[in-house]
Number of protein chains: 2
Amino acid sequence: MASSTDTEPLLRKIESLARFTLSTAERSALADIPMRVQALRADQDIVRLGDRPSRCCVLLEGFACVYKMTADGKRQITAFHIPGDIPDLQSLHLRTLDNSVGTLTACRVGFVDHEVLQVLCHTHPRIAGVLWRETLIDASIFREWMLNIGRRGAYSRLAHVLCELVTRLDAVGLVDDQTCELPMTQIELGDATGLTPVHVNRMLQEMRGAGLITLKNGSLTVHDSAGLKQIGEFDPIYLHLERPA
Amino acid sequence: MASSTDTEPLLRKIESLARFTLSTAERSALADIPMRVQALRADQDIVRLGDRPSRCCVLLEGFACVYKMTADGKRQITAFHIPGDIPDLQSLHLRTLDNSVGTLTACRVGFVDHEVLQVLCHTHPRIAGVLWRETLIDASIFREWMLNIGRRGAYSRLAHVLCELVTRLDAVGLVDDQTCELPMTQIELGDATGLTPVHVNRMLQEMRGAGLITLKNGSLTVHDSAGLKQIGEFDPIYLHLERPA
DNA sequence: CGGCGATTTGATAATGGTCAAGTGCCGTGG
DNA sequence: CCACGGCACTTGACCATTATCAAATCGCCG
């Protein structure tokens, strides 16, 4: 089962989302959540479209994504997920999954039964509100991605996704000196932006040439953060990171 | 203020979303919700990006949309809304609006204070669950639209949006004999699909030529539902209309 | 009847896709 | 230790879908 270090990413996530200070009772309820922890390799599905899961998964370590496919096999990644996220929290209230969730890198994932979460929500209504809020922020990111994919050019689109990832990673302490781990392949970046890998490559080259970023070996460094944000029209309001850093 | 006929669309919506039968108490709590009703003309904003609203709006009559804009003024519609919908329910848990909501046609809208909804959620937790579910279905539709915009060709994309609208309108009883009101302009359909109005027009012509639809004077008739669904790769699973019709 | 917005159509342009070939990197196995 | 294989990345040439520009036409409302 889970040790208290396993539930820590979840606890931190809830804390950062809550617009109030957690009570001792809430805190210990979260720390004691029964969680089945599992290690997964890269490129594995955690849950699949059509599943009717009886549990949610908390991403403890690694990168994952939510995706859907067209009839002819083209993939759209609808979200990237980083440690602390709950990629399928929706399944708590929607019986049938309408998307798949897969790992991008090796991951550690904690599974929590819906029943446990239902009880948690019932006995700690404020936590229910926070979880609801989490799903609303995901939805807000979806809307921004729609704008990104539907109405921005390829260069701007990629810049926006990079800005978002850096900002979100920074919020969980995974950015150090403008540098962070960014292990997704150009194919995956293409699937997230609605571009082909070839064109992603060209846009990245252009960003490198412009001195905006370095992206090599799964590591991203942003040299000109203001420039990148301007190109990506990035305004973090939609991430709803309302707490002062 | 609101008469009981005003709260009826909301009540019906909650009923159709709930996976249980509403109790008398729940039913009357919903019917008695204090609601400030307002009539709006077409193409007016109901709320705007950056607002910090203290209430939500229930669409009672008419069509509305959620949208965002790029820096250079291109618009992406992220959702269409039909009577019964609550386009800005997210604002209940997210302080600052990250999108705008505008009318597409003349509308009647009911405003409900956040405080009223908070109390409702607290005293009737099952209704809270239903409202949460509503926001999750919206998010599910966003994901499908991302796939649509990012990975489907223009023809397929438009067909998908039409299928979705007909299906949702049917679910609230607004389709009669394969025909429904569909008042959005080709510009608006373009803003929803990430296409230009010119190209929307061409695709519609092609659909007409193929004998799939008639779309004239804001009225849509689907002549070949199976064909349209196939072209749009439409599988309604993501709408989570789990009740038997 | 006049005017304006929505729709329609045609011609041309451009963004991004497809195809193809080659490079570099890393892990595995001889 | 080195050769091999595979995958991600890179680059170039060419192509196609969709955008842009422009000009009618239609239909409704005043």
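Hydrogens, waters and symmetry mates play no part in the numbers below; they use all other heavy atoms, side chains included. All values reported here derive from a predicted model rather than from experimental measurement.
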>> Please confirm whether the ring centroid of A:Tyr238 lies under 6.0 Å from the ring centroid of A:Trp145.
In response: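 No, the ring centres sit 6.0 Å or more apart.
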All N/O donor-acceptor pairs, side-chain side in residues 170-179 of chain B, below 3.5 Å, sequence neighbours left out:
from: B:Thr179; atom 1: OG1; to: B:Asp177; atom 2: O; distance (Å): 3.2
from: B:Thr179; atom 1: OG1; to: B:Thr221; atom 2: OG1; distance (Å): 2.9

Given atom [atom1] of [X] and atom [atom2] of [N], what is their separation to the nearest angstrom?
X        : N      : atom1 : atom2 : answer
B:Leu204 : C:dT8  : CG    : P     : 7 Å
B:Asn201 : C:dG10 : CG    : P     : 11 Å
A:Gln205 : C:dG24 : CD    : C1'   : 13 Å
A:Leu215 : C:dG24 : CG    : P     : 18 Å

Looking at residues at least two apart in the chain, or sitting in another chain, which of them share a side-chain hydrogen bond (donor to acceptor under 3.5 Å, both in side chains) with [X]?
X        : result
A:Arg152 : A:Glu144, A:Asn148, A:Glu233
A:Ser225 : none
A:Tyr67  : A:Asp45

> Between B:Asp235 and B:His160, is any pair of side-chain heavy atoms under 4.5 Å apart?
Replying inline: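 With C-beta onward as the side chain, the pair stays apart.
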> Is there side-chain contact between A:Arg48 and A:Leu97, with at least one heavy-atom pair below 4.5 Å?
Replying inline: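 In short, these two side chains do not touch, never coming nearer than 4.5 Å.
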> How many angstroms lie between atom CZ of B:Arg108 and atom OG1 of B:Thr103, to the nearest 0.5 angstrom?
Replying inline: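 These two atoms lie 14.5 Å from each other.
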> What string of B, S and - do you get for nucleotides 12-30 of chain D, 5' to 3', when a contact is any protein heavy atom under 4.0 Å?
Replying inline: BB----BSBB------S--
Show the distances under 3.5 angstrom between N or O atoms of the protein and N or O atoms of nucleotides 5-8 of chain D.
none

>> Is A:Arg208 close enough to D:dC9 that one of its side-chain N or O atoms is under 4.0 Å from OP1 or OP2 there?
In response: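 False: A:Arg208 side-chain N/O out of range (4.0 Å or more) of D:dC9 OP1/OP2.
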